[in-house]
Asks: 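I'd like to ask some things about the structure below.
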Amino acid sequence: MDPMSDTPLPRLSERDRPWLMRTYAGHSDAKRSNELYRRNLEKGQTGLSVAFDLPTQTGYDPDHELANGEVGKVGVSIAHVGDMRTLLDGIPLDQMNTSMTINATAAWLLALYVVVAEEQGVPQDRLQGTTQNDILKEYLSRGTYAFPPGPSMRLIADTIAYTVTQVPKWNPINICSYHLQEAGATPVQEIAFTMSNAIAVLDAVRERVPEELMEDVFGRISFFVNAGVRFVEEHAKLRAMAQLWDELGRERYGVQDDKKRRFRYGVQVNSLGLTEVQPENNVYRIALEALAVTLGRGTRARAVQLPAWNEALGLPRPWDQQWSLRLQQILAYETDLLEYPDIFEGSKVMDALVTELLSAAKEEMTHVAELGGAVDGVDYMKGALVESQRERFSRIEAGEQTVVGINRFTSSEPSPLTADGDAGILVVDSRVEAEQREAVSRWRSERDQAGVDAALKELARVARSDEENVMPATITAARAGATTGEWAQTLREVFGEYRAPTGVGEAAALPSEEVAELREEVERVSDALGRRLKFLVGKPGLDGHSNGAEQIAVRARDAGMDVVYEGIRLTPSQIATSAAQEGVHIIGLSILSGSHRELIPTVLKALRDAGIEDVPVVVGGIIPEADAAWLREAGVASVYTPKDWDLNRMMRDIIELVAARHGIAAPA
Amino acid sequence: MTPASDDGRALGDRLRSRDLSAAAPVLNMLESRSPEARAQTAALLHAVSPASVGGEAPGHVVGVTGPPGVGKSSLLSHLVEGWRGRGRSVAVLAVDPSSRRSGGALLGDRARIDVDPADRAVFVRSMAAGNRLGGLAPSTRAAASALAAAFDVVVIETVGVGQSETEVADVADTVAVVVQPGSGDVLQFLKAGIMEIPDVLVVTKADLGRVATRALSDLRSALRALGAQDTAVVAVSSVSPPAGIDDLIDALDAHRQSLDLPARRLRARRMHALADFSAEHGERGLRALGGRRAAEKWLAEQDPGLDVPALEEALGERTAQRG
Ligand code: B12
Ligand SMILES: Nc1nc2c(ncn2[C@@H]2O[C@H](COP(=O)(O)OP(=O)(O)O)[C@@H](O)[C@H]2O)c(=O)[nH]1
Ligand SMILES: [Mg+2]
């Protein structure tokens, strides 16, 4: 594989070119994000990585009810081609390599990109970039899905079939292992589930393109992986994935061309392990993780984006992101990393690690295949991820897995980085949402409505037809001025909607000794209440961060409570209705997407409207300290953030809150 | 805490006057295990008994049962919509298959039943089945009979695999067994006579095409062979565009029309009393009655006018006599 491996000297004859350096960025509106991108490019960033807000990702316009509180928050709001034009203003698209983290609405955002390029005079076949476009991991971890599995796989297949001939330098899909690790996956699960997912995608495309195109299709599939702080094993994991991919290409899809079987991947390194306490330590974690994906030349990342030191506090400011970009630049330009051939070649330890991972991963892949493949295996895989996350939590709680600052070496000087309280994060201007709402309605009133209607009608016809590719009709709709919400609504009407499994029911129970005291207390309080203590865990809004809610739900069950947990993306009114009908004694809401200031008061009002006055409400997630105080004033009983990692302690609080509310005395 | 005004009788009265907002407090009370709650529960059940209602409670109690993952909850989303379209109020008791571990349970099935949260004429409540596959939660029977006084339709969703007698048949007026296309279980059970012929058979996932059509015709010919060709077999699809929902509603209605409702409800009350009795007194209690068979036989001879609390009391007295 390595053309230089037979050179006698340990050095490459020419220093390698570094990977693409990106920063995952975007917030508020297209104009503000465009300014940010230009500044980032000035600092030596070599590619763009666009973060969209949750309404754009799930296919709702800024003025849709479900967009409430989420517009422009965690990414940029792109509602139509005008927004895309502004976003890319002054950025020559024939020279840029743009990665878009977009999935359910990937076909649509790709269409907007193609139309703007066309306006710039850049033909499709010169465009370079990536649409993430991987729906199975949305079901398993990330949460921005819109349509059921069948139609979603068809949309993916259509975008691949279209780009492979029309936009040949585009990566139409990034099959993601990143989000699986963030949801708890072990290295073996990460490899196995990702490769099973790749097979499902390739098999779906095979049904929609001529067989002779499959070699090109295979060559266009790229990956988006994770690297945790156990960086030696993580590097081995990448080598194992590269090997497996090569095998799959050869054996399952008959790909002859060696280059087309190369494992091409981009990375965002692990963020789940980045802590709220002693946040400065995160910089070291990030640097070590970056090594995992760059050290070995044979499986080096094509593109890297790094989180920032304040990951667990909130959104990074431009300076925080610059600090992380500098890490990449130091690694690539100051160190001697890029001067050598693969430094692990011939390492017995590395080879043995790879072999070990490969054989375990293959076994797991066989299991998924037996379930009918990755699409039918979603329930199983989701359950397995929740279970792995549960185990990870238990290890940290038991001190078996060290997290510096959390369960070891906890005493600390006050950090000057956070001395200004909540000032160390980016806060999106709350006026953005109203502006965007107004802007989209202005857009609708100024366009040629008849053209939009005709384009959407055609889109619906094509979607129903099953045989035709949705991309041309999607591009026509983009050009005509349809909105993100209209495109998605048209398809929702044809395809229907979907709710992914939660995986919590399958999680194993904790050995009872560990929660024995809690259980006794739950029994005592339940007896006093007359029936079992019942706890509703709710996730309002479009937020897909489910780890916290899942682990709280599973632990509450292990502590003996009856737990109602319905998964992500509920409206305030759904939560209030469930709480009322289920007769719960306490409600816990989890929000990590930064929309708590809008959504929590809305839920509290919906609860009052449903006649629930005396049920305590607790809130958890990424909540800056000032907001926590504000929420408590609004009636929230207590607020938890990632520094509250002791699940049992939170359970105790919950039991006490219920007991206090019902006048049940503390145990004698 | 239950406010004093919500005592059993008052709640029963609210149900009888078809006050749907009573549903949640009724369930809270029926689930209570405290000694005070028992007396209140008895008062509640008495208030919705045929004697108080002046006939059987008007609601149609429908059992929807089948293996996990077959599509029961998805189907209910559409059934509820269909019933609402016909102007009927609906209560769903979702008996959750996830087992009780460490005493607690994870109840998530209601998420699969997609209904308009603002519609006050739809009520969904989750119940933990405990570790009994195909079984009901301790309060399901009482809940179904109470809610039937207020709601037009009361659905009990349970997990049942077909071979063992599922308890839901003791409670429901109409039992719909939901069958996964391509899985021959139900077919085998029917042929082998292990499973009683259900009131309505539903083949889900009709969108899967040939396997579903095949399942439908296999079931029909099996029923013919068993001389039960009148049993309705309906194919439905819950994925967009939904199909077969109206046919299924019609089939459920037709069964209800053809049914001897008082007889079925009478049996349901007797089985309810026996279930509560054995939950409280266990195997030993049953033995004191001479075994389950003997108890059922004895119950069948009792005054048909007795409501569930009265029947339980009678069972209690009988053990005392025999013991
Ligand atoms: C893991 C993770 C993900 C995973 C989520 C996987 C999953 N299924 O949960 C993935 C990779 C999918 C993801 C995606 C995104 N993420 Co993210 N993610 C994180 C990360 C790294 C950790 C969160 C986590 O799971 N922690 C572990 C759990 C157990 O902790 P927790 O939820 O905080 O819960 C603890 C407490 O808060 C509390 N708690 C929480 N809820 C509740 C509820 C109750 C009742 C109680 C009692 C307690 C409680 O108890 C828990 C135990 O300690 C955080 C940063 C960080 N380090 O915290 C960013 C972070 C939350 N993500 C962020 C963003 C922006 C995103 C995206 C929206 C990016 C984008 N533009 O697309 C996407 C899209 C997600 C979506 N659909 O909403 C931002 C949010 C910014 C903000 N609030 O202003 C963060 C803060 C990162 C950052 N600094 O930018 N993410
Ligand atoms: N193809 C298809 N899938 C369905 C249909 N109904 C349900 N499903 C899927 O089957 C799975 C289980 O559905 P659910 O309603 O939860 O089943 P339950 O366990 O019987 O209640 C889910 O993944 C549904 O999306 C259907 O009509 N067609
Ligand atoms: Mg169900």
Side-chain angles (χ1 to χ4, degrees), chain A residues 147-148 150-151 379 492-499 501-502 504-510 512 515 519 522-523 526-535 553-554 556-567 570-578 580-583 606 610-611 614 662-663, chain B residues 1-2 21 23-38 40 68-69 73-74 77 91-92 94 96-120 122-128 138-139 207-208 237-242:
Chain A
F147 315 113
D379 282 11
R492 280 189 161 98
E493 277 160 25
V494 178
F495 295 154
E497 297 195 50
Y498 180 72
R499 180 166 276 288
T502 63
V504 293
E506 292 82 1
L510 263 192
S512 56
V515 277
R519 283 173 52 190
V522 169
E523 291 303 327
S526 299
D527 283 343
L529 291 167
R531 63 195 167 98
R532 191 165 288 282
L533 200 169
K534 202 168 184 182
F535 178 25
V554 170
R557 176 205 63 186
D558 290 348
M561 300 181 210
D562 272 352
V563 184
V564 180
Y565 174 60
E566 299 181 70
L570 299 179
T571 62
S573 127
Q574 280 172 320
I575 290 175
T577 300
S578 295
Q581 297 186 343
E582 293 291 346
D614 55 354
H662 291 267
Chain B
M1 288 269 103
T2 321
S21 72
V26 162
L27 264 293
N28 294 350
M29 178 176 287
L30 294 177
E31 286 176 355
S32 292
R33 299 161 301 187
S34 66
E36 316 84 79
R38 276 186 69 115
Q40 302 220 348
S73 301
S74 313
S77 307
V92 179
D96 207 286
S98 67
S99 61
R100 276 197 178 282
R101 292 185 176 130
S102 62
L106 263 164
L107 305 165
D109 217 30
R110 67 174 294 133
R112 301 249 147 236
I113 309 172
D114 185 19
V115 295
D116 175 5
D119 185 350
R120 299 285 165 230
V122 177
F123 174 81
V124 182
R125 178 90 164 201
S126 322
M127 301 180 139
S139 52
D207 53 295
L208 297 182
S237 169
S238 305
V239 301
S240 206

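Note that the structure is predicted; figures quoted are calculated from it, not measured. Letters A, B, ... mirror the listed sequences (proteins, then strands); counts begin at 1.
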Asks: Heavy-atom pairs under 4.5 Å with chain A are the metric here; pick the option from Leu27(B), Asp116(B), Val124(B) that has the most.
Replies: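 Going by pairs under 4.5 Å, I would pick Val124(B).
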
Asks: Is Val122(B) in contact with chain A via its backbone, its side chain, both, or neither, using a 4.5 Å heavy-atom distance?
Replies: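 When you check distances to chain A, only backbone atoms of Val122(B) fall under 4.5 Å.
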
Asks: Can you find a pair of side-chain heavy atoms, one from Arg120(B) and one from Thr577(A), that are under 4.5 Å apart?
Replies: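 Yes. Closest side-chain heavy atoms under 4.5 Å.
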
Asks: Checking heavy atoms, do the side chain of Ala580(A), its backbone, both or neither come under 4.5 Å from chain B?
Replies: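 Only the backbone of Ala580(A) comes within 4.5 Å of chain B.
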
Asks: For chain B, find which of Met561(A), Gln574(A), Arg532(A) contributes the most heavy-atom pairs closer than 4.5 angstrom.
Replies: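 Maximum pair count with chain B is reached by Arg532(A).
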
Asks: With a 4.5 angstrom heavy-atom cut-off, which part of Val494(A) approaches chain B: side chain, backbone, both or neither?
Replies: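 Val494(A) touches chain B through backbone heavy atoms alone.
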
Asks: Using heavy-atom distances under 4.5 Å, tell me whether Pro151(A) contacts chain B through its side chain, its backbone, both, or neither.
Replies: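 Nothing of Pro151(A), per the 4.5 Å heavy-atom cut-off to chain B.
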
Asks: Indicate the atoms forming the closest heavy-atom contact of Pro138(B) with Ala128(B), along with that distance.
Replies: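 Shortest heavy-atom separation between Pro138(B) and Ala128(B) comes out as CD-O, 4.4 Å.
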
Asks: Count the heavy-atom pairs under 4.5 Å between each of Lys534(A), Glu493(A), Glu523(A), Glu497(A) and chain B, then report the option with the highest count.
Replies: Lys534(A)

Asks: When heavy-atom pairs shorter than 4.5 Å are enumerated against chain B, which of Tyr565(A), Phe495(A), Phe535(A) gives the highest number?
Replies: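 It is Tyr565(A).
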
Asks: Regarding Glu566(A) and Arg499(A), does a basic nitrogen lie under 4.0 Å from an acidic carboxylate oxygen?
Replies: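 No salt bridge links Glu566(A) with Arg499(A).
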
Asks: At a heavy-atom separation under 4.5 Å, does Ser573(A) approach chain B through its side chain, its backbone, both, or neither?
Replies: both

Asks: For Asp527(A), is there an ion pair with Arg33(B) - N to carboxylate O distance below 4.0 angstrom?
Replies: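 A salt bridge is present here (some side-chain N lies under 4.0 Å from a carboxylate O).
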
Asks: How far apart are the closest heavy atoms of Asp379(A) and Pro501(A), and which atoms are they?
Replies: OD1-CG, 3.2 Å

Asks: Does either side chain, that of Ser126(B) or that of Asp96(B), offer a donor lying less than 3.5 Å from an acceptor on the other one?
Replies: no

Asks: Do the side-chain N and O atoms of Asp207(B) and Ser237(B) include a donor-acceptor pair separated by under 3.5 angstrom?
Replies: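 A donor-acceptor contact under 3.5 Å links the two side chains.
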
